[in-house]
**Student:** 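Okay, here's the structure, questions in a sec.
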Amino acid sequence: MSKPMWSGRFTKTVDKIVNDYNSSLPFDCRMYKQDIRGSIAHSAMLAAQGIISEKDADDIRNGLLSIQEDIDSGKLTFDSDAEDIHMFIEAELTNRIGDAGKRLHTGRSRNDQVALDQRLYLVDESDEITKLLTDLIHNLRNIAIAHTKTYMPGYTHLQRAQPITYAHYLTAYIEMFRRDRERFEQAIKRANISPLGSGALAGTTYPLNRLMVAEQLNMDSVSLCSLDGVSDRDFAIEFASAASILMMHMSRMSEEIILYSSQEFKFYELDDAFSTGSSMMPQKKNPDVAELTRGKTGRVYGDLISLLVIMKGLPLTYNKDMQEVQESLFDVIDTIKAVLPPFIGMLKTMTIRKDNMEAAALGGFTNATDLADYLVRKDIPFRSTHEISGKLVHYCIEHNTSLEKLSLDEFRQFSELIDEDVYDAISLETCVNKRTLTGGPAPETVMEYLRSVE
Ligand code: ARG
């Protein structure tokens, strides 16, 4: 086993069992690009400040770029006993360029280095995640535009409540996913702050230019307390929290996709390419994508809880426990990137059974509120009209019919004030079209909203 960089004060080499246990290389190797980028910025700044020579900085830069190339091409692999990606790269650099490599770490600690790498990694990933979310939002918007007049029941308690449209239903999810996108953007804004210059915990006496490093790395600012700089992992927790809320939304939608594609609802028909069969039951078509999305939600929550528990009770500043943050964070990123594309594909390809949605909206007395409101317009107080409408519903249940199918005579047994115009007042179209308040289901209102969605 090669000598670790910190071996000066030790008289024994680390037991192999400890070295393997301690090593983060198997998972932090995925941050090699960020580590190299951070080191190039740090060394350029060291040279600009006259702390190392320009020649050393050039050698460091070229050496690091050649390492990156070799890792990219697969020529250099991570099969070493290095403790982590930071030591792996530094050792490799020193192998390649000699003493200049040993100057790279001047005024820096792995504590501020690892915090930087994780922040850069998150920022790098955020573009793809935001794009996927935007793709999801746009797809929902496009589906919704085609369905502003597709009636369906809106539910409370999973009981038919009032008629809405499928477009209106989708706008609920569009709103959720827009908030999710905003949450990610805000989390990334707070992640994009450079901790370099915090040193191990107490900063450093070298005249570093922290802002210069941040600028080179395209970061918005520098952390303002060195103790916090090395021990803060809020950015990971915030990201995992935004991801958990996103997963919760996708899980709720998945639950409805599972329900709505069942034979009991038949609102959706999943595309064959986005569903699976059963090895035993020939007739089965299973909504695996939706179910797996619901399942992965538990996994992301687990990661969030891991992060919160890892950080809870840690004394300032850096503690090795914090190495454990990485795997949970990476799992969150990997999971949401894995969930979104099939989820979007499933939504894009499924068939919407307008006929069944509309039939369901016509059943279940979803127009009972509108009947009560109709009588309010005849100057009966709402509490009384609610009672009359309820009695009419009861009558319909007993006679196995629906409100709009009652004759005027039948209506009039419950209120003399009911006229021919009742049929128009309680039609599906009227129930939906009259709800024009902001946020309501009227086709024009929903269309106006959809036009504003970016
Ligand atoms: N691999 C370590 C981590 O991820 C890097 C920081 C090590 N610092 C230390 N003081 N041992 O946390």
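Both ligands and their constituent atoms are indexed starting at 1 by order of listing.
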**Student:** Could you identify the single nearest non-hydrogen protein atom to atom 6 (C) of ligand 1 and state the distance to 0.1 Å?
**Tutor:**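 Sorting protein heavy atoms by distance from atom 6 (C) of ligand 1 puts Y318 OH, 3.4 Å first.
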**Student:** Side chain to side chain donor-acceptor pair (under 3.5 Å) with E255: which residues, sequence neighbours excluded?
**Tutor:**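 Only R294 meet the side chain to side chain donor-acceptor pair (under 3.5 Å) criterion with E255.
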**Student:** What side-chain donor-acceptor pairs closer than 3.5 Å can you find for residues 148-159, not counting sequence neighbours?
**Tutor:**
from, atom 1, to, atom 2, distance (Å)
T150, OG1, H147, ND1, 2.7

**Student:** What is the closest protein heavy atom to atom 11 (N) of ligand 1, and at what distance does it sit?
**Tutor:**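 Protein heavy atom with the smallest distance to atom 11 (N) of ligand 1: R110 NH2, 3.6 Å.
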**Student:** Looking just at side-chain N and O atoms, do T369 and Q162 make a donor-acceptor pair shorter than 3.5 Å?
**Tutor:**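 Yes - a donor-acceptor pair under 3.5 Å links their side chains.
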**Student:** Could you list which atoms of ligand 1 come closer than 4.0 Å to a heavy atom of D84?
**Tutor:**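 The atoms of ligand 1 under 4.0 Å from a heavy atom of D84 are 1 (N), 2 (C), 5 (C).
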**Student:** Look at atom 1 (N) of ligand 1 and say which protein heavy atom is nearest, naming residue and atom and giving the distance to 0.1 Å.
**Tutor:**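 Going by distance alone, atom 1 (N) of ligand 1 is nearest to Q323 OE1, 2.8 Å.
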**Student:** Please could you name the atoms of ligand 1 that S24 approaches to less than 4.0 Å, counting only its heavy atoms?
**Tutor:**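 Numbered from 1, ligand 1 contributes 1 (N).
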**Student:** When the ring planes of Y268 and Y260 are compared, do they come out parallel, tilted or perpendicular, using 30° and 60° as the limits?
**Tutor:**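 Y268 and Y260: perpendicular rings.
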**Student:** Please check if any side-chain donor atom of Y173 sits under 3.5 Å from a side-chain acceptor atom of R252, or the reverse.
**Tutor:**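 No - no donor-acceptor pair under 3.5 Å links their side chains.
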**Student:** Which ligand 1 atoms, with their elements, are less than 4.0 angstrom from a heavy-atom of Q326?
**Tutor:**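 Going through ligand 1 atom by atom, the ones under 4.0 Å from Q326 are 3 (C), 4 (O).
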**Student:** Tell me the protein heavy atom at minimum distance from atom 8 (N) of ligand 1, and give that distance in Å.
**Tutor:**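 Of the protein heavy atoms, N111 OD1, 2.9 Å lies nearest.
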**Student:** Verify the distance criterion only: is there a donor paired with an acceptor across the side chains of T276 and D288 at less than 3.5 Å?
**Tutor:**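 Short answer, yes.
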